Amino acid sequence: MSYDIIPDRQDGQIISQEWFNVLQRTLYQDFVPRSAAGVVTDLAGTLGTSAIRFASAFVSKMILVGQNAVTLLSGATSAYTLTLPAALPGESSPFQVDNTGQLITHGLQASDFSDGFLTLDLLQLRPVSASAAAGETGESSGTGSTGFLNGNVTVSGTSVALVTTGRPVRVELMPTLGNPGTSQLFMTAGVVNIVRDGTTVASVKMPWRHFSFLDDVAAGSHTYVLTITGANNAILHYCSLWAYET
Amino acid sequence: MSVGTVLKRLAGMTGHASWFNDWKTALVQDILPMDTSGDDADLAGSIGNSSFRFTTAYLQKLVLGSAATPTTIQAPTLAADFGYALPSALPGAKSTVITDASGNISFGPITANEIVAQSLTQIKLQARSVHAGTSGDPVPAGGIGISASSGGGTVGNLSVIITTTGRPVKIAIQPDGSGITTWAAGSGNVLIYRDATALITQEVDDGPEASPYIRIIDNTVAGTYTYSVQVSGAPCPPNCVLAVYEL
């Protein structure tokens, strides 16, 4: 580059060799902006305009200098292309570069994750409630002290609602938490049933302290409850029905 | 554009039309770098320098590097203008670059709605290691605790120290694989404790409720806990272990 001022020429002036050589020095090596007066000046001009653009700039490195600098430098050992996405993402999305060098935004998929990298603490918690949302854990309110149950009964305190995503659902009858009283499950005759949305999905003859069943059911909102058919002096003290996706 | 040499002039030389036309050629269409002799030369100079900058380069395409291994940045094909503005500060740590619906770029952790539904397969979950749950081998977060066997009736073996993340905790008294277990005689209770708190009391007897295999789910906050078992009314049955893990 040169710091020469490129002077205006007037009719009748003698054009000395220096005038020509100013032009030559202006154009070789570093090329810098000049003001309308021909003086080297920071930010005095642009390369092309919005209407008159260069088709390409073939450079080894581009440095965009503002308050700080951004450097664009080719680092690939083989040719690759970074093309900005042709459309804005619909929502907040990560940036990725695909194997053709395309700069893309998209939701993360299984292939974007390495195998076996998600630890349990990265998974959403599974809150417990009697009406569990997808991913949560369902627990019924508990049977309390039932007294003797006879005949065909729906066991109070065993209803649990669960929204599922399509994974198998584990349904379990277990002692009620909090040690409210001694958990007992006893009957001399009858059958204990797990009923999903009015349909019996599992039955077992008693006595049977714990009842565990894996229900293969489609995604949806389901309600599980325990019933006893043909009960004879059955007791189901301080038991709760749990339901959660596996 | 110039593909040749822009020659120096000396006093007394005749200014031929070709020399002036070289200047025109050099300044129209493609502008190429030239060395100090006025010859086109690869990497012979820069456009601007760190002190004298152009305000804006209006380009359709930017090609970096060599023709053999170029990196190309091309203008988007959106109907309307949009720009990508880099964040004004670096992230505090290694972070993912995220763009929003306005084209703004930011750094941040991945949120759940950025993961395609049902894309995370079981194989993406870290394997769950098994520990004895003793003070020398406590169960870390995500691990599974299986205590020593109740063996000769020592209930103290049925104890597991575990660190949890806040998910429900499954606690099960289950077979150790060495043989059948049963309540010895009479009736009694099996209690499962979290630290000093009794979570449940389960009646057992030597009749229809003879099996001591019990399981519960504990709903508690994240922390480090010791789950243990006590029995009353009869000795602890043999051949049992205490298994503890988060759902």
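Only a predicted model underlies this, so the values are computations on that prediction, with no experimental measurement involved.
Between the side chains of B/T224 and B/T163, at least one donor N or O sits under 3.5 Å from an acceptor N or O. There is a side-chain donor-acceptor pair under 3.5 Å between A/Y244 and A/E172. Of the N and O atoms on the side chains of A/S240 and A/T176, at least one donor lies less than 3.5 Å from an acceptor on the other residue. Side-chain atoms of B/S119 and A/Q109 form no donor-acceptor pair, as typed in the model, at a separation below 3.5 Å. Side chain to side chain, B/D218 and B/Y225 fail the donor-acceptor criterion of an N or O pair below 3.5 Å. With 3.5 Å as the limit, one finds a donor-acceptor pair spanning the side chains of A/R170 and A/S212.
Listed for the A/D30 side chain is a donor-acceptor partner under 3.5 Å among the backbone atoms of B/S46. At least one donor-acceptor pair closer than 3.5 Å links the side chain of B/E246 to the backbone N or O of B/T165.
For A/T41, the part lying under 4.5 angstrom from a heavy atom of chain B is the backbone only. The contact between A/L123 and chain B is made by backbone and side chain atoms together, counting heavy-atom distances below 4.5 Å. Interface residue A/L27: backbone and side-chain heavy atoms are both found under 4.5 Å from chain B. At a 4.5 Å heavy-atom cutoff, the contact between A/S60 and chain B is made by backbone and side-chain atoms alike. At a 4.5 Å heavy-atom cutoff, B/A141 makes no contact with chain A through either its backbone or its side chain. Contacts between B/S51 and chain A at a heavy-atom distance below 4.5 Å involve the backbone alone (N, CA, C, O). Contact annotation for A/D121: both backbone and side-chain heavy atoms come within less than 4.5 Å of a heavy atom of chain B. If you measure heavy-atom distances from B/S37 to chain A, the contacts under 4.5 Å come from the backbone alone. At a 4.5 Å heavy-atom cutoff, B/D42 makes no contact with chain A through either its backbone or its side chain. For chain A, the nearby parts of B/L10 are the backbone and the side chain; heavy atoms of each come within less than 4.5 Å.
When each of A/T49, A/I15, A/I63, A/D112 is scored by its heavy-atom pairs under 4.5 Å with chain B, the top score falls to A/T49. Ranked by heavy-atom pairs shorter than 4.5 Å toward chain A, the options B/L59, B/I110, B/I200 are led by B/I200. Across A/S16, A/G48, A/G178, A/G45, the residue that shares the most heavy-atom pairs under 4.5 angstrom with chain B is A/G45. Counting heavy-atom pairs closer than 4.5 Å to chain B, the top residue among A/L120, A/L47, A/L23 is A/L47.
The ring-ring contact (aromatic ring centres under 6.0 Å, His included) search around B/Y58 returns none, not counting sequence neighbours. With sequence neighbours excluded, no residue satisfies salt bridge (charged side-chain N to carboxylate O under 4.0 Å, His left out) with A/E136.
Residues of residues 188-198 of chain B that come within less than 4.5 angstrom of chain A, heavy atom to heavy atom, are B/N189, B/A198 in numerical order. When the heavy atoms of residues 162-169 of chain A are compared with those of chain B, the residues falling under 4.5 Å are A/T165, A/R167, listed by number.
If you take CD on A/E91 and CD on B/E114, they are separated by 7.5 Å, rounding to the nearest 0.5 Å. Interatomic distance, CG of A/D42 versus OG of A/S35, reported as 12.0 Å (0.5 Å rounding). If you take CH2 on A/W242 and OH on A/Y224, they are separated by 16.0 Å, rounding to the nearest 0.5 Å.
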Show the numbers, then the answer: is there a side-chain hydrogen bond (donor to acceptor under 3.5 Å, both in side chains) between A/S183 and B/Q202? CA-CA 5 Å; A/S183 175; B/Q202 172 70 59; 3.2 Å; yes

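Ring-plane geometry between B/F52 and A/Y3 is classed as perpendicular, the angle between the planes exceeding 60 degrees on a 0 to 90 degree scale with a lower cut at 30.
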